[in-house]
*Asks:* 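Here's a structure for you.
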Amino acid sequence: TERGKKAIDEFAKSGLKITDVFEYPHYAGSGVSSRALSKLFPRANHRGMYFPGSLHGKNENTSKPIEQFYPYVVRDVFNWVIIPENMGHFVPNKYHGRDSRGVEQMLKNARALMVVRDNISSFFYHKIYGEDNLKKLVSEMKEMGYTFISSEDVEAPLMKPFKVKE
């Protein structure tokens with residue numbers, strides 16, 4: 001928690017906006033880190049990556065992650081309100097043994113998520129891939145009926161905190 005507070009102080013000193021939404025690099029963080037950070041940031045934007053042992057906080061097996069994709073806002077086991085990243089991230093070429101994920105695959109996911117009324121669909125797009133594919137993705141999602149908002153503007157009835165029994 002102290003490292004998190006120091007990071008928030010650094011943001012404040014630099015003049016950057018401080019948000020209440022946290023996102024792990026590559027969505028991976030330990031249960032210990034998640035419990036501590038959820039006290040500083042009530043919301044997280046991610047897919048829900050959990051490890052065996054996370055629930056009780058002992059002997060987490062980080063070699064066997066479990067990912068959960070949600071079509072709507074949920075509260076997770078670490079007391080975070082999760083803004084789901086459920087469409088994946090744009091990757092035009094295969095890398096690190098992972099398949100590529102282009103605009104068509106992401107649009108397929110967006111169409112599948114539309115079976116849930118009032119779904120929240122989100123994705124990650126890295127600026128190194130330029131704007132063309134992003135513009136196509138956004139344009140076609142808008143044609144499907146999607147509206148784009150900031151993760152900070154996502155409202156959910158789960159925003160009221162509750163105590164997790166330890």
Side-chain angles (χ1 to χ4, degrees), residues 1-91 96 98 101 105-106 109-127 137-138 141 145-166:
T1 306
E2 287 306 312
R3 287 176 59 195
K5 287 179 182 175
K6 286 180 183 177
I8 291 169
D9 289 345
E10 289 300 314
F11 267 81
K13 286 178 195 173
S14 70
L16 292 171
K17 182 180 177 188
I18 299 171
T19 180
D20 70 343
V21 181
F22 184 81
E23 182 175 321
Y24 278 117
H26 304 282
Y27 311 108
S30 71
V32 171
S33 296
S34 295
R35 281 182 191 83
L37 288 166
S38 71
K39 293 174 184 166
L40 301 172
F41 302 93
R43 299 187 288 170
N45 182 41
H46 66 84
R47 315 185 171 157
M49 182 183 289
Y50 306 99
F51 306 102
S54 292
L55 291 176
H56 52 76
K58 297 177 185 167
N59 302 320
E60 286 184 317
N61 184 349
T62 57
S63 69
K64 297 185 182 213
I66 302 162
E67 288 186 300
Q68 289 187 305
F69 295 83
Y70 311 105
Y72 38 75
V73 174
V74 299
R75 186 175 294 278
D76 80 351
V77 298
F78 303 119
N79 208 25
W80 254 330
V81 172
I82 301 296
I83 300 166
E85 188 279 274
N86 49 20
M87 288 178 49
H89 61 286
F90 178 82
V91 183
H96 298 296
R98 292 187 175 208
R101 181 177 209 75
Q105 177 63 45
M106 294 178 76
N109 289 1
R111 279 189 287 281
L113 286 161
M114 290 190 81
V115 301
V116 177
R117 185 183 59 193
D118 298 330
N119 78 73
I120 293 179
S121 300
S122 69
F123 58 87
F124 182 80
Y125 189 97
H126 200 289
K127 67 180 182 177
L137 181 61
V138 169
M141 286 182 69
Y146 279 98
T147 302
F148 286 78
I149 62 172
S150 164
S151 59
E152 290 186 328
D153 293 331
V154 173
E155 293 183 18
L158 300 170
M159 288 302 295
K160 293 182 181 177
F162 69 92
K163 291 258 185 196
V164 175
K165 291 183 180 179
E166 307 235 359

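Everything numeric here is computed off the predicted structure, so don't read it as measured data.
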*Asks:* So how far is it from Phe78 CZ to Ser30 OG, rounded to the nearest 0.5 Å?
*Replies:* 8.0 Å
*Asks:* Any idea which heavy atoms bring Asn119 and Leu113 closest together, and the distance?
*Replies:* ND2-O, 3.0 Å
*Asks:* If we count only N and O atoms by modelled type, under 3.5 Å, do the side chains of Glu23 and Asn45 hold a donor and an acceptor together?
*Replies:* yes
*Asks:* How many angstroms lie between CD in Glu85 and OG in Ser151, if you round to the nearest 0.5 Å?
*Replies:* 12.0 Å
*Asks:* Testing the basics here: between Arg101 and Met87, what is the closest heavy-atom pair and its distance to 0.1 Å?
*Replies:* NE-O, 3.1 Å
*Asks:* Is it the case that atom OH in Tyr72 sees more than 12 heavy atoms from other parts of the structure closer than 6.0 Å?
*Replies:* no
*Asks:* If we ignore angles and hydrogens, is there a donor and acceptor under 3.5 Å between the side chains of Tyr50 and Ser34?
*Replies:* no
*Asks:* Provide the closest heavy-atom pair for Thr62 versus Phe51 in the form atom of the first, atom of the second, distance.
*Replies:* CA-CD2, 3.4 Å
*Asks:* Less than 4.5 Å apart, any side-chain heavy atom of His46 and any of Trp80?
*Replies:* yes
*Asks:* Should we say atom CZ of Arg111 is surrounded by more than 12 heavy atoms from elsewhere, each under 6.0 Å from it?
*Replies:* yes
*Asks:* Counting only N and O atoms by type, is there a donor-acceptor contact under 3.5 Å from the side chain of Glu60 to the main-chain atoms of Gly31?
*Replies:* yes
*Asks:* In terms of heavy-atom contacts, does CZ of Phe11 have more than 12 from other residues, nucleotides or ligands at under 6.0 Å?
*Replies:* no
*Asks:* Give me the atom names and distance for the closest heavy-atom approach of Asn86 to Pro71.
*Replies:* ND2-CA, 3.7 Å
*Asks:* Indicate yes or no: at least one non-hydrogen side-chain atom of Phe22 is less than 4.5 angstrom from one of Leu40.
*Replies:* no
*Asks:* CD1/Ile82 to CG/Asp76 distance, rounded to the nearest 0.5 angstrom?
*Replies:* 4.0 Å
*Asks:* Is Met141 close to Phe123 at the side-chain level, that is, under 4.5 Å between some pair of heavy atoms?
*Replies:* yes
*Asks:* Within the side chain of Asp20, is there an N or O that forms a donor-acceptor pair under 3.5 Å with the backbone of Arg43?
*Replies:* no
*Asks:* Under the salt bridge (charged side-chain N to carboxylate O under 4.0 Å, His left out) rule, collect the residues that match up with Lys13, sequence neighbours excluded.
*Replies:* Glu10
*Asks:* Can you give me the closest heavy-atom contact between Glu67 and Met49, atom names plus distance?
*Replies:* OE2-CE, 3.6 Å
*Asks:* Please report the shortest heavy-atom distance between Pro84 and Tyr70, naming the atom on each side.
*Replies:* CB-O, 3.1 Å
*Asks:* What about Phe148 and Tyr146, are their ring centers closer than 6.0 Å?
*Replies:* no
